[in-house]
Structure formats: C-alpha cells, structure tokens
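A short write-up of the structure that comes next.
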Amino acid sequence: MEFGIQREMSFDVFVLGGGTAGVFAAISAARMGAKTVLVEKNSRLGGTITNAGVNYPGLFFAWGERIIGGPCWEAIERAVALDGAVIPEISYKPAHHWEEQILLDKLVYTKVLNDMCREAGVTVMTNAMLSAAREERDGLSLLITDKAGLLSIKVKTAVDASGDATLAAMLSYATVRNETQQPATLDNHLAGYSMDAVDMEDLKAKWAACPLSARVPLERILYYLELQKINSHVTSVAADLPDGRAAVEERAVEELFMHIQTLRTVRGLEDLRVDRLADETGVRETVRIVGEYTVTAEEYVRAEKYEDAICNAFYPVDLHVERGIEQVFHADGLVPTVPYRALIPKGANRLLVAGRCISSDTYANSALRVQAPCMAMGQAAGVAAALAAKEAKSVRSLPIQDIRDGLAKIGAILP
Ligand SMILES: Cc1cc2nc3c(=O)[nH]c(=O)nc-3n(C[C@H](O)[C@H](O)[C@H](O)COP(=O)(O)OP(=O)(O)OC[C@H]3O[C@@H](n4cnc5c(N)ncnc54)[C@H](O)[C@@H]3O)c2cc1C
C-alpha cells in the first residue's frame with residue numbers, strides 16, 4: 001500500500017527540537033532574515049527546561065561579568081519583566097557555582113518563547129516529529145509526522161537541536177556513545193508532610209528494609225525530604241533510541257513510586273504525595289556528534305581560545321557518575337569558548353548541531369551541556385544556517401567573520 005504525502009512546504013532553515021538550544025537557533029535564523037521552521041515533538045517549547053522541569057539555566061555569568069547575550073538573554077530579561085525569573089546576586093566567585101543559575105517560572109518562560117518565535121516570524125510546529133530525512137543536491141528533504149498526518153518539507157539548511165543528534169544520525173553522520181551514560185532524572189515535588197512530625201527511628205528501619213537502600217543511603221533520603229523532591233537516578237539506558245526512551249520513562253516512574261510507597265509507611269509520612277511531576281524524564285546524556293573538531297576536557301579547562309570561537313561557556317566539568325559527581329573548576333578569570341567546527345558533523349554541508357550533543361569528549365561535554373552554553377550554541381547555529389541558506393554555501397565554507405558579524409547583529413556576546 002502506498003502512503004501518499006498530501007502536504008508540502010519549503011523553508012530556508014529547519015530546526016529540529018524546540019528545546020533549550022533549538023528555540024534560539026530558530027529565533028536567530030529568523031532574525032537573520034531566513035524563512036524558518038521549528039519542529040518540536042512535545043506540546044510546548046522549552047525542552048528540558050520546561051518539559052523536564054530543569055528550570056534553572058546556568059551559567060550566563062563568569063567572574064562577575066555576563067558572558068552570554070543575544071536572544072537568549074533577551075528571553076531571560078523578558079521573563080524577569082513578567083515576574084517570571086529571578087537573577088541572583090552575581091559575584092566574582094560565588095560560594096557555589098549553581099547559586100548563579102537563574103530560576104525561571106516555566107509558564108512565563110514558555111509564554112516568552114512563544115512570543116519571541118511569533119515576533120521573529122518562525123513557523124512553529126509542535127506535536128510534530130521528524131520521521132525521515134534525505135540529503136539532496138540543493139538542500140534537505142524531510143518527512144514530518146504531525147496531527148494531520150505526513151508533511152514533506154524541503155529546506156536549504158538544518159540545525160539539529162534534538163539533544164540526541166537524531167537528524168545527524170538519520171543522515172548517517174557519525175556519533176559516539178559512552179559505554180556508561182549519566183543518569184536520567186524525573187523531576188517531582190513532594191507535599192503532605194512536615195519534617196518535625198517524621199519518626200526518624202521508624203524511617204531508619206523502614207528505609208533499611210527497602211531494596212533501594214542498597215544504593216540510596218538514609219542521609220540522601222533525609223536530604224530529599226528536606227528538599228521536597230526525590231532526585232532518583234535511572235542509569236544504563238540509551239534514551240535516544242525508541243526502546244531506551246520507553247525504558248527510561250517506565251523505570252523513572254517505578255523508582256519514584258517505590259520511594260513514595262516505602263516512605264508512606266513511616267510514621268509522620270502517611271500523607272506524603274507527589275503533587276507535581278515533570279512531563280518527561282530529564283536526560284543528561286545520549287550521544288554526541290563526531291564533528292569537524294572535538295573539544296577536549298584539557299582545552300575546556302584551560303579555556304582554549306579558538307580562532308573560530310562563536311560563544312563563551314562557563315560551568316565546571318560536572319560528570320554524574322555512580323559514586324557521585326566528578327567536578328573540575330576553572331582557574332580564576334578563565335572563560336572557555338566553543339569553536340564553530342564543533343557544531344558541524346564531520347563532512348556535513350547543510351547541517352549544524354547545537355545543544356548537548358555537540359562534538360566534545362565526555363568531560364568537556366559534561367560542562368558544555370548546561371543550558372546557557374546550549375542556548376548560545378543554538379544562536380550561533382541559527383545565524384550560520386541562515387547565512388549558508390542565503391548564500392547557497394556549505395556550512396563548512398562560511399567565513400567565520402560573517403558568522404561573528406551575524407552574531408553581533410543579534411546582540412550575542414562574542415569571545
Ligand atoms: C536532571 C538534569 C539536571 C540538570 N541540571 C542542570 C543545571 O542545574 N543547570 C543547567 O544549566 N543545566 C542542567 N542540566 C543540563 C541541561 O538541562 C541540558 O543538557 C540542556 O537543557 C540540553 O539542551 P538541548 O537543547 O540540547 O536539549 P533539550 O532541551 O532536551 O531540547 C531538545 C528538544 O528536541 C525535541 N526533540 C527531540 N527529538 C525530536 C524529534 N525526533 N522530533 C521533534 N522534536 C524532537 C525534544 O522534545 C526537546 O524539546 C540538567 C539536565 C538534567 C537532565
């Protein structure tokens with residue numbers, strides 16, 4: 001049986017994934033004059049920030065100064081103006097780096113993203129998923145599945161901001177996957193108890209009898225109860241693959257449920273409940289592209305100044321491993337940068353990648369994956385994709401100065 005494709009559209013720039021990086025790739029491309037389409041599988045924009053509940057982007061500041069600007073910073077300022085974001089006090093060296101993350105109200109932030117996409121003229125398709133992709137002589141041919149069925153889209157250039165290098169993999173560009181990946185976490189909020197009323201001896205006994213206690217010590221449970229959320233960790237899943245994605249969601253629910261069931265047997269926690277649950281489990285890591293250049297941890301930590309640097313990035317190396325978190329902090333005053341070549345899948349002419357799956361080694365990636373650098377990379381990819389579409393050039397042959405000029409035009413801060 002033949003499946004006829006009834007609808008066809010064409011654009012200059014296609015962005016896959018309306019998440020942390022993707023919305024700013026689309027807004028930047030559109031502000032550069034490109035006819036831009038943004039395709040997002042979820043119902044709302046924002047990705048991990050809104051749908052997985054990680055609504056505290058880091059880090060826009062380094063050593064007391066703002067290092068990331070452009071549409072993403074405008075989004076923060078708009079959220080602040082709508083009473084939907086808190087910019088903390090910024091100092092040269094905070095006691096903890098995460099203290100300088102910006103707390104976002106998910107409703108306000110989603111509204112701001114909607115507004116900015118609409119104002120820039122981005123065609124936003126939510127509840128739509130990329131189903132197939134093919135490279136052609138003068139661009140890419142993409143098949144999208146949305147609420148109405150199949151849609152064929154022809155584009156000149158594309159940005160893969162899926163977090164999972166989905167489009168890059170579909171077009172057969174190389175990706176790498178670590179043997180052990182960082183855990184995934186289902187964000188939640190606990191209610192229905194007061195710490196003063198918890199019978200600690202009973203908690204100790206009940207938790208010791210729970211199978212989870214083998215890897216989650218009692219001190220961690222006390223910390224979760226104080227925090228009013230269970231930071232459960234789902235390990236060993238390839239969440240970019242269909243079976244892995246299904247498994248991560250099922251295991252995250254099972255694990256949270258088991259925590260809650262055990263805790264509710266404790267005197268003082270009988271009415272404990274989860275009163276807020278994220279729409280999906282937050283995934284820290286899947287695959288990374290093999291790019292024209294791969295950022296290494298050594299370069300990241302010593303803040304290599306690349307000739308083709310397109311944005312700053314600031315966060316300690318922050319790898320979540322079985323026994324905790326491995327961190328490496330920068331020496332005073334150093335601000336790492338991201339080279340444009342790390343956004344280009346090796347050999348690609350019409351595709352750029354932005355977000356957590358850019359070309360970087362494990363440790364460099366554990367820092368580059370955080371939200372502010374993802375947004376800044378999205379902006380750079382959007383500008384470059386728009387230029388490549390306009391000038392009918394390969395993304396690899398664009399003069400870096402043109403990309404930097406474009407980034408300056410949209411207000412980005414250049415290294
Ligand atoms: C539990 C957890 C805690 C974290 N803590 C912090 C923190 O404290 N500070 C910080 O800055 N960062 C933190 N991070 C890291 C950061 O949130 C992510 O690495 C970053 O948001 C990734 O951005 P992205 O744009 O690459 O991916 P995402 O934001 O996930 O966006 C990808 C988008 O693509 C869409 N998509 C994927 N596939 C398709 C498809 N085939 N078709 C259509 N749409 C598709 C997805 O639905 C999503 O909207 C944390 C991450 C996790 C999971």
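Nothing here was measured: the structure is a model prediction, and the numbers come from that model. All ligand and atom numbering here is 1-based and tracks the order in the structure.
Residue-ligand proximity: A128 is placed with a non-hydrogen atom under 4.0 Å from ligand 1. Residue contacts with ligand 1 include L16, since one of its heavy atoms falls under 4.0 Å from the ligand. Y56 counts as a contact of ligand 1, since one of its heavy atoms falls under 4.0 Å from the ligand.
Aromatic pair Y224/W207: ring centres not closer than 6.0 Å. Remark: aromatic rings of F314 and H97 are distant, center separation not under 6.0 Å. For Y306 and Y340, the gap between ring centers reaches or exceeds 6.0 Å.
Only the side chain of T185 comes within contact range of ligand 1, with a heavy atom under 4.0 Å; no backbone atom does. Both the backbone and the side chain of T48 come within contact range of ligand 1, each with a heavy atom under 4.0 Å.
For atom 4 (C) of ligand 1, the nearest protein heavy atom (residue, atom name, distance) is V54 CG1, 3.4 Å. Here the protein heavy atom with the shortest distance to atom 34 (O) of ligand 1 is G17 CA, 3.2 Å. The nearest heavy-atom contact from the protein to atom 53 (C) of ligand 1 is G282 C, 3.3 Å. Summary of contacts: the protein heavy atom closest to atom 26 (O) of ligand 1 is R356 N, 2.8 Å. Protein heavy atom at the shortest distance from atom 24 (P) of ligand 1 is T20 CB, 4.0 Å. Among protein heavy atoms, the minimum distance from atom 19 (O) of ligand 1 is reached at R369 O, 2.6 Å. Protein heavy atom closest to atom 49 (O) of ligand 1, with residue, atom name and distance, is E40 OE1, 2.5 Å. When hydrogens are left out, the protein atom nearest atom 1 (C) of ligand 1 is R284 NH2, 3.3 Å; that is the closest non-hydrogen contact.
Close approach to N42 involves these atoms of ligand 1, each under 4.0 Å from a residue heavy atom: 47 (O). Within the listing of ligand 1, atoms 25 (O) sit less than 4.0 angstrom from a heavy atom of A21. Less than 4.0 angstrom separates some heavy atom of G47 from each of these atoms of ligand 1: 29 (O), 48 (C), 49 (O). Residue-ligand proximity, S162 to ligand 1, at heavy-atom distances under 4.0 Å covers atoms 32 (C), 34 (O), 37 (C), 38 (N). For ligand 1, the atoms closer than 4.0 angstrom to any heavy atom of A161 are 31 (O), 32 (C), 33 (C), 34 (O). Atoms of ligand 1 lying under 4.0 Å from any heavy atom of G163, numbered from 1 in the order shown and given with element: 26 (O). Of all atoms in ligand 1, listed by their number and element, those nearer than 4.0 Å to a heavy atom of M129 are 40 (C), 41 (N), 42 (N). Near G58, with a cut-off below 4.0 Å to any heavy atom, the atoms of ligand 1 are 10 (C), 11 (O).
The N/O atoms of N51, backbone and side chain alike, include none that comes under 3.5 Å of an N/O atom in ligand 1. Between D164 and ligand 1, no N or O atom pair is found at a separation short of 3.5 Å.
The neighbour count for K390 NZ, taken as heavy atoms of other residues, nucleotides or ligands under 6.0 Å away, does not exceed 12. In this structure, K111 places its NZ atom where only 12 or fewer heavy-atom neighbours from other residues, nucleotides or ligands lie under 6.0 Å away.
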When you look at R44 and K106, which way does the side-chain contact (heavy atoms from CB on, under 4.5 Å) test go after all the steps? CA-CA 10 Å; R44 287 187 291 272; K106 285 176 269 182; over 6 Å; no
Please walk me through it: do R350 and D138 pass salt bridge (charged side-chain N to carboxylate O under 4.0 Å, His left out)? CA-CA 9 Å; R350 312 202 171 275; D138 53 353; over 6 Å; no
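Considering N127, N51, T126 as possible partners of S43, the one that fulfils the side-chain hydrogen bond (donor to acceptor under 3.5 Å, both in side chains) test is N127. Between S28 and the options L407, V383, T36, a side-chain contact (heavy atoms from CB on, under 4.5 Å) holds for only V383.
A salt bridge is absent between E100 and K93; no separation between the charged side-chain nitrogens and carboxylate oxygens falls under 4.0 Å. In this structure, E280 pairs ionically with K41, as a charged nitrogen and a carboxylate oxygen lie closer than 4.0 Å. A salt bridge links R7 to D146: one of the charged nitrogens lies within less than 4.0 Å of a carboxylate oxygen.
If you check each of K41, Q371, Q101, M377 against atom 9 (N) of ligand 1, the one with the closest non-hydrogen atom is Q101.
Ring orientation note: the planes of H320 and H233 are nearly perpendicular, at an angle over 60° on the 30°/60° scale. Taking the six-membered ring where tryptophan is involved, the planes of Y92 and W63 are tilted, since the angle between them lies from 30° to 60°.
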